[in-house]
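Let me begin by presenting the structure, written as structure tokens, before commenting on it.
Here is the naming used below: chain letters follow the sequence lines, and residue numbers restart at 1 for every chain. Every value quoted in this text rests on a predicted model; they were computed, and no experiment measured them.
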Amino acid sequence: MSKKAADTPARVGPPAAPGFGHSFAVVFRTQIRRLVRGRKLRLGLISTALVLFAVVAARYASQRDVGAERARELAAEAVENGFSWGFFKLLVFLLPFLFTSGAIAEEVESRTFAYVASRPVSRPALALGKWAAGATLTVALLVGSGLVMHLASLATDPATLVDAFPSTLKTLGALALLGICYSAICMLWGSMVPEAAGIVSALYLGIVEWLLSFGPGSIRWVSMNYVGRRLAGLEPGGILPEIAPEVDPLLGVGLISGLTVVFLLFSVLVVQLSEYRFGHA
Amino acid sequence: MSTPSQDEGASIRAVRLTKWYGRVTALQDVSLHLGPGLWGLLGPNGSGKTTFMRLVAGQLKSAIGDVFVCGKRPFANPEALRRIGFCPEADAMYDELTGLEHVATLAELSGFSAKEAKERAADALERFGLKEAMERKVGGYSRGMRQRVKLAQSVVHDPEVILLDEPLTGTDPSSRQMILGEIKRRADAGAVVLFSTHVLPEIEATTDQVLLIARGQLVAQGRVHEIRSLLEEHPHHVRVITPEPRRLAALVVGVEGIVGMQFAPYGVELMTYDPDATYRVIAEKVVEANVPVESITSPDASLEALFHYLVERSSHGAGTGSDAAVGRARMMMSGPQGATPAPSAGGYQGQVQGPGGAA
């Protein structure tokens with residue numbers, strides 16, 4: 001330590017407590033920084049790259065010895081299947097799970113929560129900042145890789161590339177909405193049950209969102225994944241698809257958005273009220 | 001239950017503070033008022049020190065009673081939390097960040113702009129000897145360096161109440177000097193600094209104001225010598241180092257105030273309720289009879305002796321439970337308060353509380 005620093009008298013008197021916006025921005029930025037430098041983003045990128053590679057490889061492998069018209073159909077099908085299986089049934093679950101379920105839980109488990117909990121940052125800002133960071137990375141990866149898949153799969157057919165673009169945008173919109181919603185779901189379970197955040201989030205997403213999206217009749221309304229798939233214009237699939245409910249686009253968007261808000265509100269409430277003690281000191 | 005008051009300045013006030021973890025009582029009926037200055041928090045493992053710290057830091061909610069920091073309840077209360085600097089015991093940090101980023105981020109969360117937070121973080125890290133290492137990731141730091149980063153983040157926003165849970169863990173002697181120097185500097189500037197440690201000689205060298213918690217209860221608070229002098233039922237030990245212990249014993253046996261003696265390889269240890277008189281009598285007898293004496297000391301005037309005695313006293317008496325109230329015995333004594341003015345609520349009064357004690 002320099003002599004000057006050592007000789008300076010200590011000051012006592014902290015600044016005023018930061019506002020919601022300031023707290024949110026700092027938490028968001030820090031969470032993004034930690035995710036970008038951590039292993040989870042690498043895992044997300046690898047998973048996304050594998051899905052992209054599989055879809056693009058399947059699309060070009062199916063092009064042997066078929067006519068031009070059939071090749072065009074196969075290319076469009078490959079993109080649709082890629083979104084349906086690779087994105088709606090895998091990545092849209094995996095990415096929010098990776099980026100958000102541990103946002104609060106890992107801080108509690110690793111005991112770093114003590115640092116933020118003893119700062120004058122509002123707990124709603126803390127919860128929402130962490131959720132927003134996870135949701136941002138999720139949406140960025142989903143939308144970015146979706147665009148890459150569209151371009152890579154249809155690059156050899158410029159007409160289809162252009163014609164299918166609005167449909168791809170619609171699909172990406174539905175995926176983004178789902179990614180944001182699932183981030184809120186993971187956030188709630190992660191903050192409510194920090195000691196088992198991953199398991200509870202995975203169980204909820206697996207049973208309610210994935211399994212029930214294939215269920216018969218109106219039970220599919222429980223699954224936002226089903227609503228999202230229908231918003232994207234994908235076939236209902238699953239058990240008894242002929243009696244699967246139709247989804248009005250406006251209603252679908254409202255439903256997913258509403259559920260996101262509900263999960264977020266509960267997350268904020270849980271974070272606001274919880275002690276998050278670790279061990280019996 | 002107490003009601004929250006207006007701003008009380010730099011202070012910690014606990015009113016019958018109690019905390020349970022399920023069926024385990026971690027802290028029971030602790031009442032105290034600490035004003036500016038340096039306070040050592042002592043207690044055996046599992047005595048409730050960390051629970052008390054975390055209650056004050058706003059990390060836990062009390063089961064019964066209240067705690068106020070500068071007159072405000074701290075749990076999830078930004079207005080109280082902004083005045084607190086907390087260095088937790090756990091060796092947990094954001095390992096993906098550099099030391100500078102870690103401290104600057106937490107400074108930003110205290111309300112500083114990004115630029116000012118970075119400047120303050122650099123200054124705080126420099127004060128704890130991490131100027132060269134601050135741009136490296138925390139994950140690569142040694143235990144002692146991590147400890148110093150934790151300390152830097154706890155003072156980066158110039159808090160009025162600084163809570164340091166085992167701040168000397170993992171630090172080498174030179175770092176300890178640096179840390180204790182910085183802690184004292186903050187206390188001298190008007191902050192309430194409460195730090196827990198097992199390193200008794202260092203707490204003794206840094207401050208003589210202590211709180212002692214045992215079995216979840218506050219068993220003593222105040223200056224070491226005041227607490228010591230209040231323990232009237234516990235005779236003082238006077239150790240006389242002499243090559244002729246039996247001759248000395250024969251001289252002092254029967255002297256008023258001396259209630260016991262025991263021989264040791266180095267000499268004799270006398271038990272007395274009046275150490276000053278005993279010192280005087282020994283000196284007279286030694287001169288009269290020409291007994292060779294190397295030294296006369298009081299071994300239990302040290303903090304360590306006091307610590308062990310009070311903990312033992314607490315565990316022998318009533319602990320938590322129904323007998324706590326019965327075993328209540330408290331002695332209070334006003335004492336000199338050094339440079340800082342004494343608050344009205346007894347914050348600077350030496351007090352020893354019997355098991356189940358009260359304020």
Side-chain angles (χ1 to χ4, degrees), chain A residues 1-2 4-20 22-27 29-31 33-41 106-126 129 271-281, chain B residues 10 21-22 24 26 46 48-51 53-54 57-61 75-86 88-90 92-94 96-97 101-102 105-106 108-112 114 123 126-129 131 137 153 155 157-160 163 178 181-182 185-186 188-191:
Chain A
M1 182 171 30
S2 69
K4 183 189 163 195
D7 292 345
T8 312
R11 290 161 293 187
V12 167
F20 180 89
H22 177 94
S23 305
F24 176 87
V26 177
V27 172
R29 182 157 35 86
T30 307
Q31 187 69 7
R33 186 183 279 167
R34 293 185 65 208
L35 285 169
V36 165
R37 292 184 190 174
R39 283 174 298 185
K40 289 184 173 179
L41 182 65
E106 285 173 5
E107 290 232 27
V108 175
E109 291 291 301
S110 68
R111 307 190 189 200
T112 52
F113 192 75
Y115 294 113
V116 282
S118 60
R119 296 284 160 180
V121 52
S122 85
R123 289 195 175 199
L126 176 66
V271 173
Q272 175 70 24
L273 298 177
S274 295
E275 284 185 331
Y276 289 128
R277 64 189 164 87
F278 190 101
H280 292 177
Chain B
Y21 295 127
V24 176
K49 299 190 302 292
T50 296
T51 296
M53 286 267 188
R54 295 179 70 186
Q59 314 242 309
L60 298 177
K61 288 181 275 192
F75 185 82
N77 179 1
E79 205 39 53
L81 291 174
R82 75 183 183 87
R83 306 168 83 162
I84 296 172
F86 180 48
E89 181 188 11
M93 310 193 77
Y94 296 132
E96 309 89 350
L97 306 184
E101 286 170 343
H102 181 87
T105 297
L106 293 169
E108 276 193 76
L109 288 176
S110 287
F112 294 109
D123 180 58
E126 188 183 343
R127 285 188 181 281
F128 285 101
K131 186 180 180 181
K137 284 194 180 166
Q153 65 80 30
V155 299
H157 54 301
D158 295 332
E160 290 160 86
L163 307 165
M178 188 188 297
E182 183 61 20
R185 201 175 68 91
R186 299 271 165 183
D188 291 345

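For chain B, the nearby part of Glu107(A) is the side chain; its heavy atoms alone come within less than 4.5 Å. Proximity to chain B (any heavy atom under 4.5 Å) is shown, for Thr112(A), by both the backbone and the side chain. Only the backbone of Ala16(A) comes within contact range of chain B, with heavy atoms under 4.5 Å apart.
Smallest separation of non-hydrogen atoms from Ser23(A) and Leu109(B): O-CD2, 4.3 Å. Listed here is the closest heavy atom pair of Glu79(B) and Ala17(A): OE1-CB, 4.5 Å. In this structure, Thr105(B) and Arg33(A) approach most closely via the heavy-atom pair OG1-NH1, 4.2 Å.
Across Ser110(B), Ala57(B), Ala114(B), Gly181(B), the residue that shares the most heavy-atom pairs under 4.5 angstrom with chain A is Ser110(B). With respect to chain A, the highest number of heavy-atom pairs below 4.5 Å among Gly58(B), Ala76(B), Ala80(B) belongs to Ala76(B).
At distances below 3.5 Å, at least one donor-acceptor pair connects side-chain atoms of His22(A) with backbone N or O atoms of Glu108(B). A donor-acceptor pair is defined here as one N or O able to donate and one able to accept, closer than 3.5 Å; such a pair exists between the side chain of Arg82(B) and the backbone of Pro15(A).
Annotation: the span from Ser122(A) atom OG to Leu81(B) atom CG amounts to 11.0 Å, rounded to 0.5 Å. Rounding to the nearest 0.5 Å gives a distance of 13.0 Å between CD of Gln59(B) and OG of Ser274(A).
A salt bridge links Arg37(A) and Glu101(B); the closest N-O separation between the charged side-chain nitrogens and carboxylate oxygens is under 4.0 Å. Between Lys61(B) and Glu275(A) there is no salt bridge, since none of the side-chain N atoms of the basic residue sits less than 4.0 Å from a carboxylate O of the acidic one. Under 4.0 Å is where a charged nitrogen must lie from a carboxylate oxygen, and between Arg111(A) and Glu89(B) no such pair does.
Note that Arg123(A) lies in the cation-pi zone of Phe75(B), set by a 6.0 Å cut-off to the ring centre and a 45° limit from the axis.
Using cut-offs of 30° and 60° on the angle between ring planes, the pair Tyr115(A) and Tyr94(B) is tilted.
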